[in-house]
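For the numbers below, each heavy atom of this structure counts, side chains included, while hydrogens, waters and symmetry mates do not. A note on names: the letters A, B, ... follow the listed sequences, proteins ahead of strands, and every chain is numbered from 1.
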Amino acid sequence: MSKAETTAAPNFIRNLITDERAQGQTTKVVTRFPPEPNGYLHIGHAKSICLNFGLAEQFGGDCHLRFDDTNPAKEEQEYIDSIQEDVRWLGFQWAGEVRYASNYFDQLYQWALHLIREGKAYVCELTPEQMREYRGTLTEPGRPSPFRDRTPAENLAEFERMRAGEYPDGAKVLRAKIDMAAANINLRDPILYRIRHAHHHQTGDLWCIYPSYDFTHGQSDAIEGVTHSICTLEFEDHRPLYEWFLANLPVPHQPKQTEFARLNLNYTVTSKRKLKLLVDQGIVEGWDDPRMPTIAGLRRRGYTPAALRHFCDLIGVTRSNGVVDINMLYHSIRTDLEENAQRAMCVLNPIKVVITNMDADVATQIKAPVHPARPELGERVLPFSAELYIDAEDFMEDPPKKYFRLAPGQEVRLRNAYVIRCDQVIKDEQGHILELQCSLDKETLGKNPEGRKVKGVIHWVSAAHAVPAEVRLYDNLFTVEAPDADKEVDFLAHLNPDSLVSVQAYCEPSLAQAQPETHYQFERVGYFCADRHLCQEGRLVFNRTVGLKDSWAKIQKKGA
RNA sequence: UGGGGUAUCGCCAAGUGGUAAGGCAUCGGUUUUUGGUACCGACAUUCCCAGGUUCGAAUCCUGGUACCCCAGCCA
């Protein structure tokens, strides 16, 4: 993937840091990837991971992995595990131990006390409904809470009782005292702490009050010495608040928040909520279903870390919200696999071919390269015999003009083997084709026939030697470019009923020992990956990662 | 209607006053025992719109327009 360097799209944050360094402003670059463990990572997170870890890599700094775990109700250990696995699989290593915002709960609590003592935070007893009322609207200012002017002493006592578990969930909250009339709603006395009598996956039952995202994030960055706190555009409105905490608390360091546009991909959804719904409703087989845009799903589908990283380089990092064409993703994986995937032949929809002129001169063991452009990868052996399977798509009884494949009286090259001619089509009473009787030209193994050109090449497999395999043909999960564009229509209405078509295929024998997660190009068909969970000797399962480009399909489409 | 953003080819995206990079997609062609790959070529007189400044504007000014985000005790 040497192309990555020459085609990498711009990244305004990288430019920013380059400028800072040129001016001697930046010391060591420290970034962080801060997922909440409430779901699996998806392709959009891959963009963020590549950005944060990539920046640390490029500038010789550190990138931390920090779980933003301030909401125990939604978080689970399974997600913590999967996230770490995904980051590592992508090829990144975080600096030091895995971190958790919950590691800082003590410090955060102390800082809350600090704000209270300074008269900058208070305990509020408004109900959620009242609080909404008091907050005002987008166009109207809010009103101060009746609890806003409690004394620090009273607030200290109340907050201590909250922490001690004297109140039920939701009874009271700690709020910052900022400005109820602020045009930016985030500044209208935001909530710092809420009561949640919930078991936390890291801190157990130590706490029954949990800090909010806003009160946690920037301070965690400060504690860790993060220099560049990179997040998505929707947090831009939170930046004044992020900075307010840093300015009003005795933090050891001043991180800077920078926002970039999150990734949108057409024909897919990238919202944890929607992905979770697909999983929970059993529409897909789990978070790592090969149709899911999760990192685990893409992996199982046959995407490689290199392809995903290349993709992230390709799309660039900007502040404008766009929708990336899924063809970019396809392009990335094809580029990688074209260079690196082993070649094999596999017949998806068999039709029998009988060679009528087999004799002792015809080779029964044919060697073929594992990769035609990379001889160093070695060879495989293809058994050849009088009974073969070819793909039904590669034969037409009444072909159009430009059809280069097999047809009555027409010649075609069997990939890696001989040129054959179809002499006769044998059918049953109903007219279904039973077999194609063909004769081969013995002089065409490894060389072109004399005096004529055979343009077509088709793949095949020896019937007696073929190994059966389950081949899962995956396609987009949705039939429309923007499944969630219409607020009136449920995105599930756009599910592609053919997103998974499973077929019983016949593979060349070298595939019998296919190891899980091995990538192949089934020649002329597409790229496939041995399923990482299911594929084993005796039960082969291959997932179609992406098809080969198919210009014949285009020609046909135009004709139709 | 308040605040915060973004607008350059079908999509992503450079460009920061000197006369529109690149990638994806698309369309031609060459090579080819993968209708794949590779290679060659085509593809924005125009930068959301309208005025203005300037010898010169995608870039500066003015006024519009469109789209995205914000009224969780989610992140």
### Task
Just name whichever nucleotide pairs with B/rA66, Watson-Crick or G-U, keeping both distances under 3.5 Å, else none.
B/rU6
### Summary
Of B/rU33, B/rU6, B/rC74, the nucleotide closest to the side chain of A/Val457 is B/rU33
### Query
For A/Asp484 and B/rC68, what is the distance between atoms CG and P respectively, to the nearest whole Å?
12 Å
### Query
Which is true for A/Ala417 with a 4.0 Å heavy-atom rule: it touches a base, it touches only sugar-phosphate, or it touches nothing?
base
### Query
Does A/Ser212 have a side-chain nitrogen or oxygen under 4.0 Å from the phosphate oxygens OP1 or OP2 of B/rG72?
no
### Distance-only donor-acceptor test (3.5 Å): side chain A/Arg132, base B/rG72
no
### Task
Counting heavy atoms from C-beta on, name the nucleotide in B/rC27, B/rA75, B/rG35 closest to the side chain of A/Trp552.
B/rG35
### Summary
Between the CZ atom in A/Arg415 and the CD1 atom in A/Ile390, the distance rounded to the nearest 0.5 Å is 16.0 Å
### Message
Between the base of B/rG3 and the side chain of A/Asp237, is there a donor and acceptor pair under 3.5 angstrom?
### Response
yes
### Side-chain donor/acceptor contact of A/Arg413 with base of B/rU33 under 3.5 Å
yes
### Query
Between A/Tyr418 and A/Phe384, is the gap from one ring center to the other below 6.0 Å?
yes
### Query
Going by the angle between their ring planes, with limits at 30° and 60°, are A/Phe33 and A/His45 parallel, tilted or perpendicular?
perpendicular
### Query
A/Lys554 side chain N/O closer than 4.0 Å to the phosphate oxygens (OP1, OP2) of B/rC27?
yes
### Task
For A/Ile555 and B/rG28, give me the distance from atom CD1 to atom C1', rounded to whole Å.
12 Å
### Task
Assess whether one donor atom and one acceptor atom, taken from the side chain of A/Glu140 and the base of B/rU1, lie less than 3.5 Å apart.
no
### Task
Tell me which nucleotide among B/rC24, B/rC70, B/rU37 gets nearest to the side chain of A/Leu138.
B/rC70
### Message
Please classify the nucleic acid contact of A/Pro10 as base, sugar-phosphate, or nothing, using heavy-atom distances under 4.0 Å.
### Response
sugar-phosphate
### Task
Could you check whether A/Pro240 gets within reach of a base, just the sugar-phosphate, or nothing at all, counting any heavy atom under 4.0 Å?
nothing
### Task
Measure from the side-chain heavy atoms of A/Leu314 and tell me the nearest of B/rG23, B/rC74, B/rC11.
B/rG23
### Query
Rounded to whole angstrom units, what separation is found between the CZ atom of A/Phe215 and the P atom of B/rC74?
16 Å
### Atom pair CD1 (A/Ile80) and CD (A/Gln202), whose distance is rounded to the nearest 0.5 Å
4.5 Å
### Query
Between atom CG in A/Leu406 and atom P in B/rG35, what is the gap in whole Å?
14 Å
### Query
What's the closest nucleotide to the A/Tyr213 side chain, out of B/rA75, B/rU6, B/rA71?
B/rA75
### Message
Measure NE2/A/His45 against P/B/rA75 and give the value in whole Å, please.
### Response
14 Å
#### Entry: Among B/rG5, B/rG23, B/rC74, the one nearest A/Glu36 by side-chain distance
B/rC74
### Task
Answer yes when A/Arg343 and A/Glu338 have at least one side-chain N-carboxylate O distance shorter than 4.0 Å, and no when they do not.
yes
### Query
Counting side-chain heavy atoms from C-beta on, which of B/rA75, B/rG2, B/rG36 comes nearest to A/Thr139?
B/rG2
#### Entry: d(CZ, A/Arg163; P, B/rC73) in whole Å
24 Å
### Task
Kindly point out which of B/rC24, B/rA13, B/rU6 is positioned nearest to the side chain of A/His331?
B/rC24
### Query
Nearest 0.5 Å, what's the CZ-CG distance between A/Phe522 and A/Leu348?
8.0 Å
### Summary
Rounded to whole Å, the OH-P distance (A/Tyr242 to B/rC70) equals 21 Å
### Task
Just say parallel, tilted or perpendicular for the rings of A/Tyr40 and A/Tyr79, cut-offs at 30° and 60°.
perpendicular
### B/rG72 glycosidic torsion: syn (within 90° of 0) vs anti
syn
### Query
In terms of side-chain heavy atoms of A/Glu236, which of B/rG36, B/rG4, B/rU32 is nearest?
B/rG4
#### Entry: Under-3.5 Å donor-acceptor pair between A/Arg343 side chain and B/rU34 base
yes
### Message
Any side-chain N or O of A/Arg405 below 4.0 angstrom from OP1/OP2 of B/rG35?
### Response
no
### Message
As a test of reading the structure: which of B/rA75, B/rC70, B/rU34 is closest to the side chain of A/Ile185, going by heavy atoms?
### Response
B/rC70
